[in-house]
Amino acid sequence: MRPPTSPQTRRRAVLSTVLAATLGVTVVSVASSASAADIPVSQGKPATASSVESAAFPASAAVDGDAGTRWSSTFADPQWLQVDLGSSQPITQVVLNWEAAYASAFTIQTSANGSTWTNISPVTAGQTGVQTLAVNGTGRYVRMNGTTRATPYGYSLWEFQVFGSGTTPTLPTSDTPDFGSNVRIFDSSTSAATIQTAVDQAFNSQLRSPTAQFGTQRHVFLFKPGTYGRVWANVGFYTTIAGLGLNPDDVTINGAVNVDSGWNYGDESNATQNFWRSMENLSIVPDGGTNRWAVSQAAPMRRVHIKGNLTLAPSNQDNGQGYSSGGYLADSIVDGVVSSGSQQQWYTRDSKISRWDGGVWNMVYSGVQGAPANAFPNPPHTTLATTPVTREKPYLYVDSAGLYRVFVPALRRNSAGATWPNAAGTSIPMREFYVAKPGDSAARINSALAQGLNLFFTPGTYNLDQTLRVTRANTVVTGIGFPTLIPTGGVEALNVADVDGVKVSGLTFDAGTTNSPTLMSVGQAGVHTDHAANPISLQDVFFRIGSSVQGKATTTLAVHSDDTIIDHIWAWRADHGGAPTGWAVNTGDTGVIVNGDDVLATGLFVEHYQKYEVIWNGNRGKTIFFQNEKPYDVPNQASWIGPRGNGYAAYKVADAVTDHELWGGGSYSFFNVNPSVRVDRAFEVPNRAGVKLRSILTVSLGDVGTIANVVNDTGGSVPNPAGNTVPRNVVSYP
């Protein structure tokens with residue numbers, strides 16, 4: 001939230017596709033031809049083991065359908081785990097989800113009586129993560145018989161799943177899936193009047209609504225390839241407008257995809273709360289030559305062609321009103337001029353524009369053809385000719401046969417300009433995705449992951465009583481229409497193993513009422529595997545502590561994997577919500593912790609956390625654009641004393657880090673609960689030559705509260721003595 005009178009406010013999974021032919025066992029890593037995923041006949045059945053490491057790791061945990069619990073043996077060879085199916089059944093497949101302590105040699109065996117065993121697999125080498133074995137046998141009892149450990153520890157399985165020919169398929173997939181009632185799909189034969197009525201109904205239901213900002217409504221409007229008559233689409237909360245072409249120019253909308261001020265309850269004069277909406281993969285011929293997109297956080301514009309001008313400020317921006325605050329534009333082309341107007345900060349990446357006009361505090365460009373020259377702070381432009389590493393967000397499209405697919409763009413290095421047309425990448429048919437819908441259980445979604453399916457979340461709310469665990473390399477987990485994942489009972493919502501090439505995008509996480517230590521983690525703490533050739537990527541992923549629920553989470557995102565790409569996230573401890581918020585109500589220490597080496601963040605928005613808001617422990621990290629507001633609601637100074645004095649820095653680079661770079665970072669204070677509160681510094685970094693900050697600033701919004709220095713003991717205090725919400729700038733540090 002922005003003040004309305006301020007100018008802003010232990011695992012590594014490596015999945016093989018084929019095991020040695022001499023073993024006679026197939027290891028399946030992708031369900032590329034599966035039309036359904038099965039419930040294992042072993043799930044919930046009695047299980048026993050040769051030993052357990054402790055009572056915390058019983059045999060039953062490997063057959064409970066929960067990929068967050070596991071069986072673990074004592075540290076000796078041999079060991080076995082068996083399940084009683086209750087009757088003799090044909091066995092066709094066994095799926096083992098190994099923890100880091102796996103078997104380097106094991107067999108799968110069956111038995112009619114639990115005492116005499118028959119091998120139905122050859123001696124097989126295990127692997128960390130999901131391992132799927134095609135087998136052929138019959139028995140009431142099935143066991144994994146481990147003869148050699150791969151580590152000094154025991155044998156450990158998150159899940160041991162047995163499948164038979166009589167298993168009932170429950171997770172169908174399709175190349176023409178049902179995306180649910182919250183998704184409207186138009187084609188060029190649809191009349192403009194029909195489309196206009198649909199978008200108006202979605203927007204007008206939110207017009208000056210006191211509940212819409214944290215409501216359950218979700219609206220997605222998808223346009224198949226073609227040209228569309230005049231449509232003026234006002235875009236409200238949790239609304240996505242996107243094209244279904246392979247390229248943006250495959251879909252042309254005449255009219256506008258419009259975001260302005262004047263419609264948001266309680267903040268009609270500003271655009272500082274225009275959150276949670278998106279536009280993607282289409283072209284616009286704007287009415288009057290200019291399209292308006294006056295947004296703030298969590299409102300990405302990707303793969304868009306504006307055939308005219310683009311303004312990023314509201315229509316009432318003049319005379320000290322109509323502020324907008326912090327957006328994101330990527331992989332786009334604007335034929336005309338981009339006018340930022342009252343936008344206080346903005347990040348543009350890998351795009352092409354004819355010209356950029358304006359800038360308030362912090363405008364950052366990387367890989368943007370036509371970007372203004374680097375000139376921070378006057379004007380406040382920070383410009384990099386290229387972006388070090390990029391992989392654009394996966395997106396949904398429909399092919400010439402009318403079948404749905406997801407295109408996954410390829411990795412680029414030192415990139416500039418848009419990827420399209422003719423973007424390099426991989427097209428995945430929708431039959432390789434499980435299309436999740438609100439009401440799906442976490443166990444059901446995990447079952448889809450265990451079967452090698454990707455995930456596609458449709459719009460709505462998902463309550464998760466167990467962690468979703470992504471263990472297969474190159475898995476795509478994506479969503480449309482701001483699907484919202486809420487953990488219950490203090491679990492972590494999403495865990496990505498330390499494997500190559502997982503892509504997570506288009507998801508929103510709300511903390512639950514029971515504190516979660518983390519909402520999402522990537523990789524395993526202490527593990528440093530080189531993923532440079534195929535990194536994990538996160539895009540348009542948003543985290544909230546306190547919104548529609550009085551949530552709590554110690555940390556929202558922990559990144560352990562090396563080389564991870566963090567491309568546009570907003571981690572937000574709410575300063576307002578649909579449920580009451582406050583210092584002791586929606587608690588959260590840290591937004592983002594980076595432990596991996598060589599991690600790149602492009603578009604890092606982190607706000608209002610109660611301790612260090614970003615902690616960067618990994619080496620050779622890079623951030624291009626950082627936007628932060630300190631917590632508004634600090635009750636008094638005594639309650640907010642950090643390790644090095646008053647308060648906590650917004651961006652903390654750990655003392656042991658030797659190499660780190662940041663371009664374009666701003667941190668702002670608005671201590672409205674107690675304006676006497678101060679923080680000693682906004683950025684806290686070790687003083688060494690390899691740690692470099694460029695174009696950083698602080699602002700006291702409305703001169704409410706004090707930031708004593710920009711970085712360490714450098715830069716001076718805000719409020720600036722001149723008043724008027726004037727920033728302090730540091731061009732380069734050290």
Side-chain angles (χ1 to χ4, degrees), residues 186 192 195-196 198-200 202-203 219-223 226-237 239-243 245 247-264 270-271 274-296 298-318 322-343 346-359 363 365 368-371 418 420:
F186 304 119
I195 299 171
Q196 191 66 56
V199 297
D200 285 349
F203 181 76
H219 303 287
V220 175
F221 300 103
L222 301 178
F223 292 78
T227 299
Y228 294 81
R230 187 187 185 279
V231 175
W232 187 281
N234 287 308
V235 184
F237 289 115
T239 300
T240 293
I241 295 184
N247 292 299
D249 286 336
D250 294 342
V251 173
T252 299
I253 293 177
N254 291 279
V257 179
N258 182 68
V259 181
D260 202 350
S261 61
W263 66 278
N264 186 36
N270 285 282
N274 284 351
F275 312 142
W276 307 308
R277 64 205 70 199
S278 64
M279 173 166 52
E280 184 172 347
N281 198 33
L282 49 77
S283 65
I284 301 172
V285 179
D287 266 13
T290 299
N291 195 81
R292 187 179 304 278
W293 188 255
V295 298
S296 292
M301 183 188 298
R302 291 183 182 266
R303 293 181 55 78
V304 170
H305 188 184
I306 304 295
K307 297 180 177 179
N309 303 316
L310 174 66
T311 183
L312 305 175
S315 55
N316 66 325
Q317 66 175 311
D318 296 326
Y323 305 116
S324 46
S325 179
Y328 175 93
L329 171 66
D331 199 24
S332 293
I333 296 175
V334 181
D335 292 344
V337 177
V338 181
S339 172
S340 58
S342 62
Q343 276 288 347
W346 188 278
Y347 177 49
T348 307
R349 181 182 62 70
D350 292 272
S351 295
K352 181 181 179 181
I353 63 176
S354 71
R355 191 176 82 239
W356 188 286
D357 285 349
M363 322 305 287
Y365 319 83
V368 179
Q369 298 166 345
W420 50 272

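Here the structure is a predicted model, which is why all the values come from computation and not from measurement.
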> About how many Å separate CD1 of Ile253 and CZ of Phe223, when rounded to the nearest 0.5 Å?
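One finds 4.0 Å between CZ of Phe223 and CD1 of Ile253.
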> Rounded to the nearest 0.5 Å, how far apart are CD1 of Ile353 and CG of Leu329?
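That separation rounds to 8.5 Å.
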> Is there side-chain contact between His305 and Asp335, with at least one heavy-atom pair below 4.5 Å?
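Yes, side chains in contact.
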> Look only at the side chain of Asn264 and the backbone of Ala271, and say whether a donor-acceptor pair between them is shorter than 3.5 Å.
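The answer is no, because no donor-acceptor pair under 3.5 Å joins these two groups.
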> Return the minimal non-hydrogen interatomic distance between Ser354 and Val337, and the atom names on each side.
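In terms of heavy atoms, the two residues are closest at OG-N, 3.5 Å.
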> Given side-chain contact (heavy atoms from CB on, under 4.5 Å), test Thr239 with Phe203 step by step and report yes or no.
CA-CA 9 Å; Thr239 300; Phe203 181 76; over 6 Å; no
> Compare all side-chain heavy atoms of Val304 with those of Pro248 and state whether any distance is below 4.5 angstrom.
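The answer is no; the side chains never approach within 4.5 Å.
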> Report yes or no: does Ser261 contribute a side-chain atom to a donor-acceptor pair with the main-chain N or O of Gly322 at less than 3.5 Å?
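Not at all, since once roles are kept as given, no pair shorter than 3.5 Å links the two residues.
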> Is Tyr228 reaching over with its side chain to a backbone N or O of Phe186, donor-acceptor style, under 3.5 angstrom?
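Checking the backbone N and O of Phe186 against the side chain of Tyr228, a donor-acceptor pair under 3.5 Å is found.
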> Only counting residues at least two apart or in another chain, list the ones meeting salt bridge (Lys or Arg N to Asp or Glu O under 4.0 Å) with Asp200.
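So Asp200 forms no salt bridge (Lys or Arg N to Asp or Glu O under 4.0 Å) with any residue.
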> Looking at Ile241, is its backbone amide N or carbonyl O close enough to the side chain of Glu280 to form a donor-acceptor pair, meaning the two atoms are under 3.5 Å apart?
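No, because the side chain of Glu280 does not come within donor-acceptor range (under 3.5 Å) of the backbone of Ile241.
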> Can you check whether Ala294's main-chain N or O pairs, donor with acceptor, with Gln343's side chain at less than 3.5 Å?
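Here the side-chain-to-backbone pair does not exist.
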> How long is the straight-line distance from CG of Leu282 back to CG of Asn247, given to the nearest 0.5 Å?
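Atom-to-atom, Asn247:CG and Leu282:CG are 12.5 Å apart.
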> Going by an N to O cut-off under 4.0 Å, is there a salt bridge joining Asp331 and Arg303?
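Salt bridge flag = yes for Arg303 with Asp331.
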> Do Met279 and Ile284 have side chains that approach each other closer than 4.5 Å (heavy atoms only, starting at C-beta)?
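Yes, side chains in contact.
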> Can you spot which of Leu310, Thr348, Val295 makes a side chain to side chain contact (heavy atoms under 4.5 Å, CB included) with Met301?
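Among Leu310, Thr348, Val295, the one meeting side chain to side chain contact (heavy atoms under 4.5 Å, CB included) with Met301 is Leu310.
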> State the CG-CH2 distance between Asn258 and Trp232, to the nearest 0.5 angstrom.
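The CH2 atom of Trp232 is 5.0 Å from CG of Asn258, to the nearest 0.5 Å.
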> Rounded to the nearest 0.5 Å, what's the gap from CG on Asn316 to OG on Ser342? Could you check?
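The distance works out to 8.0 Å.
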> Can you name the closest pair of heavy atoms from Ala192 and Gly229 and give their distance?
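The answer is CB-C, 4.2 Å.
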> Tell me which one of Val257, Val231, Val235, Val199 satisfies side chain to side chain contact (heavy atoms under 4.5 Å, CB included) with Phe221.
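Filter result, single survivor: Val199.
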> For Tyr323, does its backbone N or O pair with a side-chain atom of Asn270 as donor and acceptor, under 3.5 Å?
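Side chain of Asn270 to backbone of Tyr323, a donor-acceptor pair under 3.5 Å: yes, one is there.
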> Sequence neighbours excluded, which residues qualify as salt bridge (Lys or Arg N to Asp or Glu O under 4.0 Å) partners of Lys307?
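For Lys307, the residues satisfying salt bridge (Lys or Arg N to Asp or Glu O under 4.0 Å) (neighbours in sequence not counted) are Asp249.
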> Among side-chain atoms of Ser332 and Ser351, is any donor-acceptor pair under 3.5 angstrom?
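No, no side-chain donor-acceptor pair sits under 3.5 Å.
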> With distance as the sole test, does Ser340 use its side chain to make a donor-acceptor pair with the main-chain N or O of Leu312 at under 3.5 Å?
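No, Ser340 side chain to Leu312 backbone: no donor-acceptor pair under 3.5 Å.
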> Is the backbone N or O of Ser339 less than 3.5 Å from a side-chain atom of Asp357, with the two atoms forming a donor-acceptor pair by type?
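Checked: no pair found.
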> Whether the side chain of Asp260 engages the backbone of Arg292 through a donor-acceptor N/O pair (distance < 3.5 Å, no angle test) should be reported.
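Pair absent, no side-chain N/O of Asp260 close to backbone of Arg292.
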> Okay, side chain of Asn291, backbone of Gly308: is any donor-acceptor separation there less than 3.5 Å?
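Not at all, since once roles are kept as given, no pair shorter than 3.5 Å links the two residues.
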> Report yes or no: is the cationic atom of Arg349 (NZ for Lys, CZ for Arg) under 6.0 Å from the centre of the six-membered ring of Tyr365, at an angle within 45° of the ring normal?
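Ring-cation test returns no.
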> Below 30° counts as parallel, above 60° as perpendicular, anything between as tilted: where do the rings of Tyr347 and Tyr328 land?
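Aromatic pair Tyr347/Tyr328 classed tilted.
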> Quick one: CG on Asn281 to OG1 on Thr240, what's the gap to the nearest 0.5 Å?
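Interatomic distance, Asn281 CG to Thr240 OG1, rounded to 0.5 Å: 12.5 Å.
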